[in-house]
Every structure is written in structure tokens, then in C-alpha cells.
Amino acid sequence: MLYDNFIERCKEKGVTPAAVMRTMGRNKSSASYWKKGTTPSSDTLQKAADYFGVSVDCLLDINPLPLKEARLETGRRVTPESDHQGFPAT
């Protein structure tokens with residue numbers, strides 16, 4: 001799921017997965033481990049989300065809306081501290 005979302009975001013942005021990984025300061029082949037089911041660190045997930053302008057939840061397919069759309073839909077700012085529905089954690 002993560003790998004598929006990552007590849008889709010790369011296609012949308014017109015970049016290769018290797019280029020994204022290098023930009024994030026990671027090994028260019030790191031994403032291939034995601035295809036096999038390995039979960040990246042939270043730091044890597046956040047860097048990827050920031051690169052694509054989406055939430056970590058979006059990359060993990062928990063909340064598939066990009067940040068801008070999630071903000072519009074909920075009327076609230078979506079942050080990493082927010083719960084998976086885009087509302088501030090209580």
C-alpha cells in the first residue's frame with residue numbers, strides 16, 4: 001500500500017522514486033524495500049509526506065486526501081499531531 005502510493009505520487013510529480021529518495025537523503029533503492037512490506041522510519045515517512053505535500057496518513061492510505069483537500073474538507077489544519085480523521089488529537 002505505501003509503496004503503491006509512493007509510486008503514484010512520483011508519477012504525479014514526474015519524478016523517479018530514486019530521485020525522491022536522494023532528495024530526502026536516503027539510499028536511492030530504499031523504496032524497493034517498501035514494496036516487500038518493510039515499513040520506513042517515522043522520519044522517512046514524514047520526509048516523503050512533506051516532499052509530496054501530503055500527510056503521512058495519506059501516504060499510508062489512512063486518509064487519502066492531500067493536505068490542502070483535507071483542510072478544505074474538515075475546515076481544520078491537518079498536522080502530524082492530528083488524528084487520522086484530520087482533527088486535532090484530544
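Along the sequence shown, residues carry numbers from 1.
At least one side-chain heavy atom of V54 sits under 4.5 Å from a side-chain heavy atom of L59.
For residues 25-35, the pairs satisfying side chain to side chain donor-acceptor pair (under 3.5 Å) are R26-D43, R26-T44, N27-S29, with sequence neighbours left out.
When every heavy atom of D61 is checked against every heavy atom of M1, the shortest pair comes out as OD2-SD, 3.0 Å.
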Below 3.5 Å, can you tabulate the donor-acceptor pairs from side chains in residues 10-25 to any protein atom, sequence neighbours excluded?
unit_1	atom_1	unit_2	atom_2	d
E12	OE1	R9	NH1	3.4
T16	OG1	A19	N	3.0
T23	OG1	A19	O	2.9

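The ring-ring contact (aromatic ring centres under 6.0 Å, His included) test applied to F52 returns F6, not counting sequence neighbours.
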